[in-house]
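Letters go in sequence order (proteins before strands), and every chain restarts at 1. The structure displayed is predicted, hence computed values, not measured ones.
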Amino acid sequence: MKIDKEILKKIYLTAFKIRKVEEEIADRYKEQEMRCPVHLSIGQELVPAVYSMFVTENDYAVSTHRAHAHYLSKGGSINKMIAEIYGKETGCSKGLGGSMHLIDEEVGFMGSTAIVGGTIPVGTGLGLSIKIKQENKISTVFLGDGSTEEGVFYESLNFAAVKDLPVLYICENNMYSVYSNLEVRQPKNRKIYKLAESIGIKSSHANGYDVEDCYMKLEEAINYVKENKKPFFIELDTYRYREHCGPNYDNHIGYREEQEYKKHLEKDPLNIMKEYLSDESLDIEEKKILEKIDDAFTFAKESQIPKYENIEKYIYKEKN
Amino acid sequence: MKIDKEILKKIYLTAFKIRKVEEEIADRYKEQEMRCPVHLSIGQELVPAVYSMFVTENDYAVSTHRAHAHYLSKGGSINKMIAEIYGKETGCSKGLGGSMHLIDEEVGFMGSTAIVGGTIPVGTGLGLSIKIKQENKISTVFLGDGSTEEGVFYESLNFAAVKDLPVLYICENNMYSVYSNLEVRQPKNRKIYKLAESIGIKSSHANGYDVEDCYMKLEEAINYVKENKKPFFIELDTYRYREHCGPNYDNHIGYREEQEYKKHLEKDPLNIMKEYLSDESLDIEEKKILEKIDDAFTFAKESQIPKYENIEKYIYKEKN
Amino acid sequence: MRELTFSKAINEALETAMRIDDSVIKYGLGVTDPLGVFNTTLDLEEKFGKDRVFDMPTSENAMTGVAVGASIGGLKPVMTHQRLDFFLLAMDQLVNNAAKWNFMFGGNSSVPITIRLIIGRGWGQGPTHAQSLQAWFAHIPGLKVVMPTTPQDAKGLLLESIFDPNPVIFLEHRWLHNMVGDVPEDDDFRVAIGKCEILKSGNDVTIVSMSYMSIEAIHAAEKLTENGISCEIIDLKTVSPVDWETIYESVEKTKRIIVLDTSSEFASIASDIVAKVSTKFFNVLKSAPQIIALPDVHSPTSYHLSGNYYKDAKDIVVEIANMFDKNIDVSDFMTKEHHDIPGDWFKGPF
Amino acid sequence: MRELTFSKAINEALETAMRIDDSVIKYGLGVTDPLGVFNTTLDLEEKFGKDRVFDMPTSENAMTGVAVGASIGGLKPVMTHQRLDFFLLAMDQLVNNAAKWNFMFGGNSSVPITIRLIIGRGWGQGPTHAQSLQAWFAHIPGLKVVMPTTPQDAKGLLLESIFDPNPVIFLEHRWLHNMVGDVPEDDDFRVAIGKCEILKSGNDVTIVSMSYMSIEAIHAAEKLTENGISCEIIDLKTVSPVDWETIYESVEKTKRIIVLDTSSEFASIASDIVAKVSTKFFNVLKSAPQIIALPDVHSPTSYHLSGNYYKDAKDIVVEIANMFDKNIDVSDFMTKEHHDIPGDWFKGPF
Ligand SMILES: Cc1ncc(C[n+]2csc(CCOP(=O)(O)OP(=O)(O)O)c2C)c(N)n1
Ligand SMILES: Cc1ncc(C[n+]2csc(CCOP(=O)(O)OP(=O)(O)O)c2C)c(N)n1
Ligand SMILES: [Mg+2]
Ligand SMILES: [Mg+2]
């Protein structure tokens, strides 16, 4: 393993945090108090966990409907996220957005939205602002394989290439868009990262279940954007364990093979990292994380509900 | 020259017809009776003229704001086109569409519209209907270099590739979108046909000012679509002599060099073909064409004007 | 007659259309998946094959243009989008092509496509999954816009939409999918586009309504009847073109009107109906016309906010009672455990 | 005060905004070309450099999303589209992102972008170059929609739009670009968004109007005055949010209203204003409210059709005369040689 153990430990713990938050949401979803759609990232934690090693709160990131992991990896507050899913006043979007619309500008998480492809140009525009303001940061766009079918993906990459914008596109390819396999949506044998390259953006590919590969390639990608102030596109293969939206497993409904799921589970990066680290001190850290998560749910449940009278004030921002 | 003289003669005469129609429009535009925007194809006649050799009225074609040449090359009626530009009842669109919205379904010209990129998916959908109905024809989409910046271009090619649709995309690259050079719109050194290839469609490139190259490559492209019932993309370099929209020259206003224009004029395919053919019988044929054009203007001017009372009936097609 | 859910009625309409006409094709995200777009597309792929029934790339704009092209090539495409909000990506192809095609080519070519859009509500659908944009579609000449309320109309109108030579936007309110109602046995049963229906006759006030709001109107009318106010409920069914005659006749009789809309109010279908009636029946109306629509605010996600945001039978009762200077107690009328679901069948998340 | 054309006033507003605030950027097709978007963007690139003023790929949707991103990154982007119709490609980014951003993130982040759209008319612009979709934009919560009529307002409102923390749709009617009017000397002169203006006071009828139709209203009002009808003309200036107070006060005084709109009528701004006034001033109005808008038909290209399609001062005079049961002869009122151009300066093609 080319990764230093201390670093690996951090990666592991970030991935662990993400998974446990998600699992807790899944477990408590049946209580019917989180009354909004949730798209969980269980199975997809490694990429954001590794990503978190290379960026700071100063950098920007935007994401999609499946944003919990990205929000957390960027340093977003667990309390505010859980409160948001509970629709509380203390939520990161004051209850107006729910799971699909997260924001935490304090840590550079500039927003996630639920329209497929919708934030790709937004993250690109953040890159434009960095360039024009000559700031020392990068903008990251998290996107799924499905979103690369939207014209706006293509238009955004074209513009980033024309203008040399400091944007990192991280495409998590989990093979599915809802229940649709890649092959009914994109030409066979076409690699997304190759396509990005031919649009005009340097690109690479990594195995999102292999922590070493993931680490090296993401480091390379991020350094490229930082040093050259040019866009980069990286595609990482990954897999979601649960249903597209909601807390359950859905291997039985017929759009994918149970076998496929099991194959991925066997290579689960969290298990592999934990085994490799075989570090007893991890237990203490894990416990701390679990407590924080528990606290977040308590915080969310006990938080005040938002007042309807206030919602009109969010329609327009007031001039100051 | 690998092209048979008889064939070349036909190509020349089609190109001649297109040019003379366009020049006549330009000459008479100042009379202010053609009161709609016109985008002339003077300088760009070769590609449609060659194209006309390989398709029949049975095949489909759609086009853009700059459609006169495509309409004519597909066999569209001159009379109806000129009448349309004059806003007359006898126009191909009964005066409702004008120069930017031409149609002649009898010859398979299924429509041209003025929104950049707007007909790319339409021609793709025609390909889908051919496939589902198992018809023996192809669908052609004429498009400009600028339109390849629209997301809908990318989405359409992706779909054509996924579904193996019998669609030929003919991209006439005249280097400009209105007054904007390619380089402010697309990454340097990126070839449009290479991009199409990487989206998943077989493609090629030809010099749209070289009749031989144009002929060979278009023949190859069309045969490919017919035989394989798969999409093909061909990019042809060409040049417009006049302003983007309207009857005048615009080399003096500063967005391009007079020199560039002159360089193209020297290689003008019509002059070259005519010289090479050095066939006196051409004069007679040319005269016939000029007469037809003259007749078309007379027809247009003398045609009835449309009645306002009727326009509501075009809002919905009646059920029959 | 038999009882069917709204979803099943749609599924039947699709099945019938595809069976009686080979040129009908059906595509959209989720059309072939195990859930079959809230059960509406189940079994179609099996019955009619992969050529005619298929999933698609997430490319809403091009796929709308593809429908335009396929239709002028002789097919009758029926598209679906799981939420209206997603279809905002396709406004160019819808408006600049589909809606203008027949007109801009002087009637030479028309675009017989049907686009099914689902209006979301409840369980935190929030700002990007709950828009109700019928006013947009109806504002565009050349589109027909249909909003069925009952399973019967869902089937009959969908069949009529598919075979209409023009582009039709077919709007399904998510809260109607599981509602049950009588549907004629007749396989190819049609309901005319452009005609509204008097769901209940009455003398005192005309309630013009659409889609899910008509259900709330029915409940409200019962309560109002108990209180001596007789309502005539007109279910619009088609919001463009509107069946003005039926509305005008009713207003002529009742001399009072209230219009209910599932969308936000400003520049809505409801405001247009009130405007037309006010212009034409100025001397007839006995009291000010009214509108109940959503506020000019996006749909908030939180359960704690959506309750006040959406309007229901209570609001209608109160507003109509006001028109008659009455006070009707609605404090325990139609109270349900959770305001954000249409019934127990709805378990979230979509 | 000095006289400027509407175009020049816009050019000045852009110049001022960019000079006083480094975060203002300007892009769009044609922004740097020799014609400078009907002269409105001339010299900006030279003055402020290629980083802040640039042409763009023909990618309307992404470039709108880029504006959203740039704005949350601290810039104030001003985009232009040469025709509103082209902007239909960007409805997703406009509505799902720009309009919802501040709301869906609970006020944590807003989108200060300005989008200039030009409404085409005349010289055969036809179905794809002449749409007037203010009703669409105004129907969406979270957008501000501005439609200046005078050069003074063009400048003052554009400056205000650029510095407003919300997304503003700024609609320029092509027929106004060459109109001349007084503009204050003050460099950074502002006109408030959300306020309409009484262009002319009067007692007998309130004309509510917008953009180019206000010019027609002024001519009509003169003719009507000659005939003893005193009109109050309210130029809306902002169509969302509407300045209801000013309209209501005027109606309270005149007790009659007619609303003029540059768009087709169904579900328009005009119908909403009539609906609101009818609901609130039921007992005040002395005659039926009226609307003059375009028919629910696309704009036909032919010169021989567009004359009847568009409405002008004559139509206004006739309609208002009707309200008073009068007959005013308009047979040779305001007749010009060609109906399809605003004046001799307009030589086509766009
Ligand atoms: C424009 C649009 N179309 C469709 C949808 C419905 N939808 C929600 S998530 C999703 C799948 C997207 O797939 P991908 O980008 O691969 O992300 P993943 O869910 O796999 O993380 C779809 C189609 C949507 N939200 N927006
Ligand atoms: C969606 C859209 N954006 C912008 C325009 C304005 N416009 C008209 S023609 C044109 C240039 C298109 O360039 P290209 O595709 O290369 O065609 P060419 O004019 O060179 O034939 C543009 C930008 C438009 N008509 N539609
Ligand atoms: Mg995916
Ligand atoms: Mg070009």
Which atoms of [X] are under 4.5 Å from chain C, going by heavy atoms: the side chain, the backbone, both sets, or neither?
| X | answer |
| --- | --- |
| B/Y154 | neither |
| B/I115 | side chain |
| B/T113 | side chain |
| B/E318 | backbone |
| B/I130 | neither |

[X] and [Y]: which non-hydrogen atoms are nearest, and at how many Å?
| X | Y | result |
| --- | --- | --- |
| C/W101 | B/G111 | CZ2-CA, 4.4 Å |
| B/I103 | C/S109 | CD1-CB, 3.6 Å |
| C/P141 | B/I315 | CB-CD1, 3.7 Å |
| B/H101 | C/F105 | C-CE2, 3.5 Å |
| C/N102 | B/Y314 | ND2-O, 2.8 Å |

Exercise for the section: With the side chain counted from C-beta on, respond yes when C/P165 and B/K319 share a heavy-atom pair under 4.5 Å apart, and no when they do not. Expected result: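 C/P165 vs B/K319: side chains touch.
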
Exercise for the section: Evaluate the side-chain proximity of C/D92 to B/V152: yes if any heavy-atom separation is below 4.5 Å, no if none is. Expected result: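 Contact flag for B/V152/C/D92 side chains = no.
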
Practice task
Could you tell me which of C/L143, C/D51, C/D22 has the largest number of non-hydrogen atom pairs under 4.5 Å with chain B?
Solution key: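 Option with the top pair count is C/L143.
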
Exercise for the section: For each of C/V66, C/N96, C/V111, tally heavy-atom pairs with chain B at distances under 4.5 Å, and name the one with the top tally. Expected result: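 Sorted descending by pairs with chain B, the first entry is C/V66.
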
Exercise for the section: Give, as side chain, backbone, both or neither, the part of C/L89 having an atom under 4.5 angstrom from any heavy atom of chain B. Expected result: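 Looking at C/L89, nothing touches chain B.
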
Practice task
Using non-hydrogen atoms and a 4.5 Å limit, figure out which bit of C/P112 sits close to chain B: side chain, backbone, both or neither.
Solution key: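 It is neither, since no heavy atom gets under 4.5 Å.
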
Exercise for the section: Would you confirm whether C/N108, through its side chain, and B/E105, through its main-chain N or O, come within 3.5 Å as a donor-acceptor pair? Expected result: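 Checking the backbone N and O of B/E105 against the side chain of C/N108, no donor-acceptor pair under 3.5 Å is found.
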
For [X], look at atom [atom1] and say whether over 12 heavy atoms of other residues, nucleotides or ligands are found less than 6.0 Å away.
| X | atom1 | answer |
| --- | --- | --- |
| B/N136 | CG | no |
| C/K50 | NZ | no |
| B/E33 | CD | yes |
| B/K133 | NZ | yes |
| B/K194 | NZ | no |

Practice task
State the CD1-CG distance between B/I132 and C/L75, to the nearest 0.5 angstrom.
Solution key: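 Those atoms lie 5.0 Å apart.
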
Problem - Rounded distance (nearest 0.5 Å) linking atom OG of B/S129 with atom NZ of C/K76 - result: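 Nearest 0.5 Å value for the OG-NZ distance: 12.0 Å.
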
Handout entry: cation_pi(C/K144, B/Y316) dist<6.0 Å, angle<=45
Key =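 Relative to the ring axis of B/Y316, which defines the angle, C/K144 lies inside both limits.
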
Problem - Residue, of B/K163, B/E155, B/K131, that accumulates the most heavy atom pairs under 4.5 Å with chain C - result: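 Looking at each option in turn, the highest pair count goes to B/E155.
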
Handout entry: Best-contacting candidate, B/I120, B/D104, B/L128, against chain C by heavy atom pairs under 4.5 angstrom
Key =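 Option with the top pair count is B/L128.
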
Handout entry: Evaluation steps, side chain to side chain contact (heavy atoms under 4.5 Å, CB included), between B/Y60 and C/I72
Key = CA-CA 10 Å; B/Y60 292 139; C/I72 61 177; over 6 Å; no

Problem - C/N166 and B/K317: CA distance, side-chain angles, deciding distance, side chain to side chain contact (heavy atoms under 4.5 Å, CB included) verdict - result: CA-CA 6 Å; C/N166 300 287; B/K317 184 82 146 199; 3.5 Å; yes

Exercise for the section: Would you sort out whether B/V122 and C/Q93 count as a side chain to side chain contact (heavy atoms under 4.5 Å, CB included), showing the intermediate values? Expected result: CA-CA 9 Å; B/V122 175; C/Q93 287 296 322; 4.0 Å; yes

